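These figures come from a predicted structure and were not determined experimentally. Convention: sequence-line order gives letters A, B, ...; per-chain numbering from 1.
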Number of protein chains: 2
Amino acid sequence: METRPDIGREAGDTEPEGLTPGARKILDAAGALFYERGITAVGVDLIAKEAGTTKKTLYDRFGGKDALIAAYLRERDRRWRSWLTSWVDTRAPGTGTGAGPGERLLATFDALAEWTRQHNPRGCGFVNAAAELPDPAHPGRRVIDEQKLWLRGYLYELAVAAGADEPDRLADELALLHEGAVVLRGLAVVDDPVARARALAAQSLERALSRPRYGVPPTADTPPGDRSA
Amino acid sequence: METRPDIGREAGDTEPEGLTPGARKILDAAGALFYERGITAVGVDLIAKEAGTTKKTLYDRFGGKDALIAAYLRERDRRWRSWLTSWVDTRAPGTGTGAGPGERLLATFDALAEWTRQHNPRGCGFVNAAAELPDPAHPGRRVIDEQKLWLRGYLYELAVAAGADEPDRLADELALLHEGAVVLRGLAVVDDPVARARALAAQSLERALSRPRYGVPPTADTPPGDRSA
DNA sequence: GGGTAGGTAGACCGATCGGTCTACCGGTAG
DNA sequence: CTACCGGTAGACCGATCGGTCTACCTACCC
């Protein structure tokens, strides 16, 4: 179990807080089981068995199921943030390029599309977890709140950088579209909800950039038909 | 001697009062407990105790926990549909009034706002239930799918009646906003997400109605029954 | 009266829940 | 060599899980 690049984790990931090999296996197994079958429905015996370890190791390394749930959410949050920011920085470097100022905001939807395609057949793991953790004092709830606040803040930063009129409003709207898209991805009511959300986001963006704050001339937006096959 | 556990009524049943008093109390208690604490976390013993009945009555009336879950979802679905349609019909009668053609579509967001204020402190009950029912064969899953498809179809009908350009697209977009709003209502990241969603819906609506399909002026109502694609 | 429906009360079942425990084993650092 | 660390193996705990069962009661209708 040496650290080998790009196996289960994304590029640029760093091993969080030096997990022992047993703890790593447990966290991986818990991550898959919690997301696929639900948190409450998965017992610690099954996690230990699936990880090829024992409950002893689980309790020695994590302390209990609640702490393991929080660790699972932290891990998922860390991967999602890394995925999103690296995607945006790579595909829409911005600042001086010929692309429109809203390119980086729209790129978040492309990142989401690929993320859901790879890791999200059952909707947002954080929304699902919130459904199972009604107790506000549960350690996992803090991770969930942080994740949602972080995304909204990230969208706000991008909105400000793009020179959007009313960046607060734009960030709220795009956060709304992100959540709606990832939730409808889990259900089967709209096909390609992320693409729909992106198109609607482009429309919202167009309006927000047509009246920039500091007199920056409105530039041509990226065409909505920009989507790659 | 056991009565038939077919009380989990089929779709098309409009009467909630085929229920015996004991079954009614159980369904009420289960509805509150399932939504507030999560489905898996709530046991049948607690439901029977909270309802002031016994497990015997629960199993005689509903057959088992899975059937009770489906009955709970059906009940919630029925209330939501009734709430939404009656709100729209009352506050936005449409067809011949002086209001705009998209008034009924926007009214769905007002209905949602009031619904969430009254019944939805923890987000969408169906999304939460879907998170806890990963098995596609679970009887509750069918109810969830029907609920989401119904809303999307209802929005589509309203979009067609309003004479929207691309009613499929508009229905998808509004469904997206509905889901995003109700999910973010459960979390605490955006204040008044329903209002944000309504504003964005109004914007989407404005565009969809500015280019009606057959050259009808945007202020005129297109007669319903338009089913061409 | 008899039959039946709906209900209450509560014992009981095997399985599983989260969590703790002792005992042993291999590697490694002082 | 010894001490310790991380792990394996598995017994064990009380509680609770979904579900079944017997027994008895009341009310209503033929």
*Asks:* Between C/dG6 atom P and B/Leu27 atom CG, what is the distance in whole Å?
*Replies:* 16 Å

*Asks:* For residues B/Leu68 and B/Leu27, determine if any side-chain heavy atom of one lies less than 4.5 Å from a side-chain heavy atom of the other.
*Replies:*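 B/Leu68 reaches B/Leu27 side chain to side chain.
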
*Asks:* Taking 4.0 Å as the cut-off, does a side-chain nitrogen or oxygen of B/Thr53 come that near to OP1 or OP2 on C/dG7?
*Replies:* no

*Asks:* Starting from C1' on D/dT8, measure out to CD on A/Glu50 and report it in whole angstrom.
*Replies:* 18 Å

*Asks:* Scan residues 29-40 of chain A against DNA chain C and write down, sorted by residue number, each residue with any heavy atom closer than 4.0 Å; if none is found, say none.
*Replies:* none

*Asks:* Give the angle between the helix axes at the two ends of the helix from C/dG1-D/dC30 to C/dG30-D/dC1, taking five base pairs at each end and rounding to 10°.
*Replies:*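 End-to-end axis angle: 0°.
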
*Asks:* Is there any salt bridge (charged side-chain N to carboxylate O under 4.0 Å, His left out) pair reaching into residues 35-54 of chain A, and which pairs are they, with sequence neighbours excluded?
*Replies:* A/Asp45-A/Lys55

*Asks:* Taking side-chain hydrogen bond (donor to acceptor under 3.5 Å, both in side chains) as the test, write out the residues that go with A/Thr54, two or more places apart.
*Replies:*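 A/Thr54 satisfies side-chain hydrogen bond (donor to acceptor under 3.5 Å, both in side chains) with no residue once adjacent residues are dropped.
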
*Asks:* Could you go through residues 182-190 of chain A and list every donor-acceptor pair under 3.5 Å that involves a side-chain atom there, pairing it with any protein atom two or more places apart or in another chain?
*Replies:*
{"from": "A/Arg185", "atom 1": "NH2", "to": "A/Thr116", "atom 2": "O", "distance (Å)": "3.4"}

*Asks:* Could you check whether atom CZ of A/Arg142 has more than 12 heavy atoms from other residues, nucleotides or ligands sitting under 6.0 Å from it?
*Replies:* no

*Asks:* Scan A/Thr20 against the nucleic acid and name what it touches under 4.0 Å (heavy atoms): base, sugar-phosphate only, or nothing.
*Replies:* sugar-phosphate

*Asks:* Going by the side-chain hydrogen bond (donor to acceptor under 3.5 Å, both in side chains) test, which pairs reach into residues 170-181 of chain B, not counting sequence neighbours?
*Replies:*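 Output for this query lists A/Arg196-B/Asp172, B/Thr108-B/His178, B/Lys148-B/Glu179, B/Arg152-B/Asp172, B/Arg169-B/Glu173, B/Glu173-B/Ser204.
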
*Asks:* Return the value, rounded to whole Å, for the distance between atom CG of B/Asp60 and atom P of C/dG10.
*Replies:*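 Distance, rounded to whole Å: 17 Å.
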
*Asks:* Which pairs pass salt bridge (charged side-chain N to carboxylate O under 4.0 Å, His left out) with one or both residues in residues 112-128 of chain B, sequence neighbours excluded?
*Replies:*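 Checked against salt bridge (charged side-chain N to carboxylate O under 4.0 Å, His left out) - neighbours excluded - the pairs reaching residues 112-128 of chain B are B/Glu114-B/Arg117.
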
*Asks:* I'd like to check the salt bridge (Lys or Arg N to Asp or Glu O under 4.0 Å) partners of A/Arg76; sequence neighbours left out, ordered by chain and number.
*Replies:*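 With sequence neighbours excluded, A/Arg76 shows a salt bridge (Lys or Arg N to Asp or Glu O under 4.0 Å) to no residue whatsoever.
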
*Asks:* Please encode protein proximity along nucleotides 19-30 of chain C as a string of B, S and -, counting only heavy-atom distances under 4.0 Å.
*Replies:* BBBB--------

*Asks:* Output a table of donor-acceptor pairs, distance under 3.5 Å, between side-chain atoms of residues 57-65 of chain A and any protein atom two or more places apart or on a different chain; print 'none' if there are none.
*Replies:*
{"from": "A/Asp60", "atom 1": "OD2", "to": "A/Lys56", "atom 2": "NZ", "distance (Å)": "2.7"}
{"from": "A/Lys65", "atom 1": "NZ", "to": "A/Ile39", "atom 2": "O", "distance (Å)": "3.1"}
{"from": "A/Lys65", "atom 1": "NZ", "to": "A/Val42", "atom 2": "O", "distance (Å)": "2.8"}

*Asks:* Sort and list the pairs that fulfil salt bridge (charged side-chain N to carboxylate O under 4.0 Å, His left out) and have at least one residue in residues 186-195 of chain B, not counting sequence neighbours.
*Replies:* none

*Asks:* Got a sec, which pairs hit ring pair (Phe, Tyr, Trp, His ring centres under 6.0 Å) with one end in residues 125-151 of chain B, sequence neighbours left out?
*Replies:*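 Only B/Trp150-B/Tyr154 qualify under ring pair (Phe, Tyr, Trp, His ring centres under 6.0 Å).
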
